[in-house]
Amino acid sequence: MFEARLVQGALLKKILEAIKDLLTEASWDCAQGGIQLQAMDNSHVSLVSLTLRSDGFDKYRCDRNLTMGMNLASMTKIMKCCGNDEIITMKAQDEPDTVTFMFESKNGDKISEYEMKLMNLDQDHLGIPETDYACVIKMPSGEFARICRDLSQFGESMVIACSKNGIKFSTSGDIGTGNVKLAQTSSVDKEEEAVIIEMQEPVTLTFACKYLNNFAKATPLSPVVSLSLSPDVPLVVEYKIEDIGYVRYYLAPKIED
Amino acid sequence: MPAQATLLQFFKQS
């Protein structure tokens with residue numbers, strides 16, 4: 001049997017908001033160590049990799065490894081029934097056909113239960129090699145979301161150029177061009193407000209704005225986002241999820257033919 | 001114009 005209880009149920013709601021527009025369906029792989037999800041969008045341009053460690057849950061039990069294929073639109077409907085301050089418990093039998101979501105109010109006066117049918121999904125797991133990235137940027141997630149939103153008004157693609165002096169995001173389109181430069185922060189009171197660049201060599205890559213905007217839907221999960229870039233390899237955009245895990249997005253670059 | 005690559009060009013299917 002599988003059971004995972006999360007007092008901060010709002011986290012699971014935010015996680016779903018962060019992936020539901022990229023993926024129509026996904027497999028949640030549950031094991032003793034925790035829950036993992038890896039899935040590509042339909043066009044195979046981006047990939048979501050989610051890890052939730054068992055020790056981050058308030059209660060976690062997984063007797064046998066199981067894979068739960070879920071339609072994320074259906075899961076979103078169910079999560080909308082959960083209040084932001086409610087406790088979420090996910091439950092399933094071994095070899096399940098359904099998963100149950102139980103929502104409890106903080107004082108225990110109200111309990112709602114929703115059972116959702118599971119799907120058999122073909123799994124396209126990708127082996128992602130360990131990479132030493134040429135540039136790793138940590139920056140406020142809200143700033144990244146704003147830059148993606150602002151620049152995507154101008155064009156479909158965004159160029160991210162990272163050097164030791166800073167990062168430049170730029171775009172161009174029919175109405176003109178736009179760019180935003182961020183310098184590395186020299187001193188900050190709060191680490192989450194800093195722009196920090198770890199650079200081995202400068203990198204310039206081009207990405208589709210629509211995916212970056214989709215990744216930015218994870219902003220409520222973390223005040224900080226990290227961008228890892230190397231020449232001619234997919235970008236990694238990572239949001240840590242409190243003490244429980246992370247969501248990482250991989251995005252294939254646009255490359256010259 | 002650069003073309004959009006896919007992840008399958010970079011990562012192996014397992």
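Naming: A, B, ... by sequence-line order, numbering from 1 per chain.
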### Message
For A:Lys20, is the NZ atom crowded, meaning more than 12 foreign heavy atoms sit under 6.0 Å from it?
### Response
yes

### Message
A quick test of your reading: do over 12 heavy atoms of other residues, nucleotides or ligands sit less than 6.0 Å from NZ of A:Lys254?
### Response
yes

### Task
Starting from the C-alpha separation in whole Å, work towards a yes-or-no answer on side-chain contact (heavy atoms from CB on, under 4.5 Å) for A:Ile255 and B:Gln9.
CA-CA 11 Å; A:Ile255 49 181; B:Gln9 292 168 248; 4.0 Å; yes

### Query
For A:Ser46, is it the side chain, the backbone, both, or neither that has a heavy atom closer than 4.5 Å to a heavy atom of chain B?
backbone

### Task
Mind listing the closest non-hydrogen atom pair of A:Met40 and B:Leu8 along with its distance?
CE-CD2, 3.9 Å

### Message
Could you report the tightest heavy-atom contact between B:Gln4 and A:Ala252, atom names first, then the distance?
### Response
NE2-O, 2.9 Å

### Task
Please report the shortest heavy-atom distance between A:Leu126 and B:Leu7, naming the atom on each side.
CD1-CB, 4.2 Å

### Query
Looking at A:Tyr250 versus B:Phe10, is the centre-to-centre ring distance below 6.0 Å?
no

